[in-house]
Amino acid sequence: MSSYPNLLSPITLGTITLRNRSLMGSMHTGLEETGDWGRIAAFYAARAKGGAGLIVTGGMAPNREGGVFPGAAGLFTDRDIANHRRVTDAVHAEGGHIVMQILHAGRYAYGKDCVAPSAIKSPISPFPPRELDEAGIEKQIADIATAAARAIAAGYDGVEVMGSEGYFLNQFLVAHTNRRSDRWGGTYANRMRLPVEVVRRVRIALGPEAILIYRISLIDLIPDGSTWDEVVQLAKAIEGAGATVLNTGIGWHEARVPTIATSVPRAAFAHLTARLRPEVGIPVITSNRINTPDLAERLLAEGMADMVSMARPWLADAEFVAKAASGRAAEIAPCIACNQACLDHTFSGRLTSCLVNPRACHETELTYPPAPVAKRIAVVGAGPAGMMAAIVAAGRGHDVTLFERSPEVGGQLNLARRVPGKEEFHGLVAWFATMLRQPGITLRLGAQATADDLSGFDEVVVATGVIPRDPGIPVEPGARVFSYIDILNGADPGRRVAIIGAGGIGFDVAETLVQEGPSPTLDPALWRREWGVAAPWDARGGLDPDGPHPHPAAREVHLLQRKAEKPGRQLGKTTGWIHRASLAMKRVRMRGGVNYERITPEGLWISQGADRTRQELLEVDAVVLCAGQEPERGLSAELHRRGLRHHLIGGADVAAELDAKRAIDQAARLAARL
Ligand code: NAP
Ligand code: SF4
């Protein structure tokens, strides 16, 4: 019997039976905007082939004013229908089902033509919206219904109406954004009129058989958000208006509470879906931070939902369900919820991909075909770059020997996984270890490869990583100085600490030093308390009226950098604010524009400004160096001296701004060519 009887059991939505209960949630990939519909079809078809029960496309604008940004993809013309038909045909050919998400951004639309219930600018957009009049509202409803009809013409199995995350329909629901006094505002019955009317008209446009998903906001996480009674009232009305299934939406985009980042506990919001389920007669889908088949199975087995939505996990592994169904769950590349190659790319106008799977959204361009000639390949260093190179090369039929001087694989990932809030990295290291156990790879742990060891191979890949940079600050005898490696390996620097360098690792070290007791990421109740998340049945919008309750910091920490800018500006676009907010809650003192003078037994002497005359002592017990890295190229230099050709990848190639995303991508692309 399968380990996933619930996840793999079929479910009937209206008249359409899905082969299992996994939903690939909507993601904006940027593929549609490339206009390369062959590539788009390949992306979705790979997920259908990999077993996704039902796929939801990225959000499609119903009209120009509702697009998330000017030029955002939609289904506006008959030519668009033919393009979308290529996607639906490709998915159906793989035995899958697919619905199109209709996304009207309202005041979140990043353009001057944006419209909303009231003319109230959002805090995450510079564009004030235009308040819609009666005719304007009717136009929006008609455009959404027309988009639904076009979706059916394009072969979709239905649509998802995006009603959560603070987008247009959600904006009508709450007084925070709806100050109208006509029949579309005021009482809750009036405020919910628009979403309900949209669903009614979309159902008419779709006909009786197609799937109509309504994504409902179960917890807004903004001031003046919906109460739980209002959520339930809306859910019932949406069911009455013709929805087939309700999908869970969590938090508005402007919320100051993280909802999908890696530090959010797994399935942190599934209890809300469970609470809604008995209130309605249609199936409900749960969502957010669910990334393993075991967790999806447990949620279904415990009756918390009828289906499980996972979005980013389908970027990390296009064969998520197929691997689970064939007893290969350990081979599923895990989404670590880092956002680095998906949402961070989206928000900087780049095509989405995935840190652990560089093929995501590059299916037609990055392929791993069988090697024409099987070669003997040596890879030196089992960090992310070396491991990925070995796995891809062996997968193509090469005979790979992977040398690692330490007794375990993982490299810098082994440091990352010790940071509170980064527990997902355990799963990533475990996945790499599983994938390295394939017949084509000989793993030599505890083996420091020398140039002599490498002379007999057809190809040599050097992925020896990085060494911490010594910032060269004068240190007086008796002063205590640690490297970030010491701290992440458990060294105790005392109660008062200054951290030199506020890059990704400086922030990680600060998080580690202020943390005391269990990581909130592993304790949902504790995490909710830390971030001020209340039950929406106790507090409107699910925001604790008393705000966050952070556990007191374990240490007094200064986080410093030389650049005269706000520390953390270089962190991920969608996650930097979380790291800054988290450290601010723990009273970490973050300072930019600092010169380091010397480290003494009393602490760290710093100054500010070019003349460095006014010096100040930070009285700390120890200083931790997080001043970046240099490439470790000793072996590469020796190979050069002997004239041995080799490939340099990862941090050993370029250490500046190194992260696992670049290392893994570079390794995969090299191994695809060897
Ligand atoms: P980094 O991001 O390059 O930061 C290095 C820090 O050291 C900067 O704050 C820099 O600021 C400072 N610095 C550089 N040279 C210095 C010198 N000579 N003296 C004193 N300070 C110096 O490097 P990292 O923090 O070591 O991280 C390595 C890579 O891993 C980065 O690309 C990072 O993005 C990635 N990473 C990412 C995450 C994540 O959450 N996404 C987490 C950890 C690591 P000033 O020059 O202004 O002083
Ligand atoms: Fe998940 Fe990170 Fe990949 Fe995005 S880039 S899908 S968050 S692992």
Side-chain angles (χ1 to χ4, degrees), residues 25 27 29 260-264 289 291 310-318 320 332-346 352-361 383-384 412-413 415-417 419 421-422 424-425 427-428 431 465-473 483-485 488 499-512 559-576 578-580 582 590-596 604 606 623-630 650-651 654-665:
M27 284 177 286
T29 60
I260 60 166
T262 193
S263 56
V264 176
R289 284 292 282 119
N291 63 347
M310 290 170 276
R312 297 169 297 170
W314 285 98
L315 291 176
D317 201 321
F320 188 97
I332 297 173
C335 166
I336 54 171
C338 64
N339 287 356
Q340 279 178 253
C342 50
L343 279 169
D344 285 351
H345 277 206
T346 301
T352 285
S353 189
C354 174
L355 178 140
V356 302
N357 174 21
R359 289 203 66 219
C361 297
Q412 298 259 313
L413 298 180
L415 295 177
R417 69 193 170 108
V419 177
K422 289 200 160 177
E424 288 294 349
F425 280 78
L428 182 56
W431 175 77
V466 291
I467 41 175
R469 176 182 294 134
D470 177 358
I473 303 165
S483 128
Y484 65 87
I485 298 176
L488 296 176
I499 299 174
I500 288 179
I505 291 179
F507 270 77
D508 279 355
V509 165
E511 296 265 12
T512 307
L559 179 57
L560 310 167
Q561 71 180 22
R562 297 170 307 172
K563 281 186 287 297
E565 63 179 35
K566 196 161 70 170
R569 263 197 68 194
Q570 319 287 332
L571 298 177
K573 255 190 172 335
T574 61
T575 52
I578 302 170
H579 295 297
R580 285 191 298 271
S582 167
M590 294 174 254
R591 272 169 82 167
V594 167
N595 307 312
Y596 308 112
L604 172 66
I606 58 170
V623 171
V624 182
L625 304 178
C626 303
Q629 288 99 10
E630 305 287 353
V654 182
E657 290 175 18
L658 170 72
D659 60 38
K661 179 183 76 170
R662 203 187 74 213
I664 289 172
D665 184 79

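First listed ligand is number 1; within each ligand, the first listed atom is number 1. The figures that follow rest on heavy atoms only: side chains count, while hydrogens, waters and symmetry mates do not.
- In plain terms, the two heavy atoms of Cys361 and Leu315 that are nearest each other are SG-CD2, 4.4 Å.
- With a 4.0 Å cut-off on non-hydrogen atoms, Tyr596 touches ligand 1 through its side chain and not its backbone.
- Although no hydrogens or angles enter the test, the distance criterion places no donor-acceptor pair under 3.5 Å between the side chain of Asn339 and the main chain of Cys342.
- Per-residue contacts place Gln340 under 4.0 angstrom from the following atoms of ligand 1 (heavy atoms of the residue considered): 41 (N).
- Residue contacts with ligand 1 for Ala416 are absent, since no atom lies close enough (heavy atoms, distance under 4.0 Å).
- In terms of protein heavy atoms, atom 1 (Fe) of ligand 2 is closest to Cys335 SG, 2.4 Å.
- The shortest N or O to N or O distance between Ile500 and ligand 1 is not under 3.5 Å.
- With respect to atom 8 (S) of ligand 2, the closest heavy atom belonging to the protein is Ile336 N, 3.4 Å.
- Taking distance alone, with nitrogen or oxygen atoms compared against 3.5 Å, Pro471 stays at or beyond that limit from ligand 1.
- Ligand 2 places these atoms under 4.0 Å from at least one heavy atom of Cys342: 4 (Fe), 5 (S), 6 (S), 7 (S).
- Neither the backbone nor the side chain of Glu630 comes within contact range of ligand 1; no heavy atom lies under 4.0 Å.
- Here is the list of ligand 1 atoms found below 4.0 Å of a heavy atom in Cys626: 5 (C), 6 (C), 7 (O).
- Between the side chain of Tyr596 and the main chain of Gly472, no donor-acceptor pair closer than 3.5 Å is present.
- Of the listed options Glu511, Arg562, Gln412, Arg562 places a heavy atom closest to atom 17 (C) of ligand 1.
- Atoms of ligand 2 found under 4.0 Å from any heavy atom of Ala337, numbered from 1 in the order shown, are 1 (Fe), 7 (S).
- For the ligand labelled ligand 1, residue Lys422 lies inside the 4.0 Å heavy-atom shell.
- Ranked by closest heavy atom to atom 23 (O) of ligand 1, the top entry among Gly572, Gly628, Pro468, Gly651 is Gly628.
- A donor-acceptor pair under 3.5 Å is absent between the side-chain atoms of Asn291 and the main chain of Pro313, judged by distance alone.
- For ligand 2 and Leu355, the ligand atoms under 4.0 Å from any heavy atom of the residue are 3 (Fe), 5 (S).
- In terms of heavy-atom proximity, Phe425 sits nearest to Ala416 at CD2-CB, 3.7 Å.
- In terms of modelled atom types and a separation under 3.5 Å, the side chain of Thr29 and the main chain of Thr352 share no donor-acceptor contact.
- Against a heavy-atom cut-off of under 4.0 Å, Gly501 is close to the following atoms of ligand 1: 6 (C), 7 (O), 9 (O), 12 (C).
- Between Ala502 and ligand 1, at least one N/O pair is under 3.5 Å apart.
- Judged by distance alone, the side chain of Arg289 and the main-chain N or O of Val264 form a donor-acceptor pair under 3.5 Å.
- Which parts of ligand 1 touch Gln629 is read off a 4.0 Å heavy-atom cut-off, strictly below it: atoms 26 (O), 28 (C).
- Contact annotation for Ile505 and ligand 1: heavy atoms of both the backbone and the side chain come within less than 4.0 Å of the ligand.
- At a 3.5 angstrom cut-off on N or O pairs, Asp659 does not count as close to ligand 1.
- The minimum heavy-atom distance between Arg580 and Arg569, with the atom names listed, is NH1-N, 3.9 Å.
- A donor-acceptor distance shorter than 3.5 angstrom exists from the side chain of Asp344 to the backbone of Thr574, with no hydrogens or angles considered.
- Given atom 3 (Fe) of ligand 2, the protein heavy atom at minimum distance is Cys354 SG, 2.4 Å.
- Only the side chain of Arg469 comes within 4.0 Å of ligand 1, judged by heavy-atom distances.
- One N or O on the side chain of Arg469 and one on the backbone of Ala627 form a donor-acceptor pair closer than 3.5 Å.
- Nearest heavy atoms, Val466 versus Ala655: CG1-CB, 3.8 Å.
- Here the heavy atom of the protein found nearest to atom 2 (Fe) of ligand 2 is Cys338 SG, 2.4 Å.
- Looking at ligand 1, you'll find an N or O of Lys563 within less than 3.5 Å of one of its N or O atoms.
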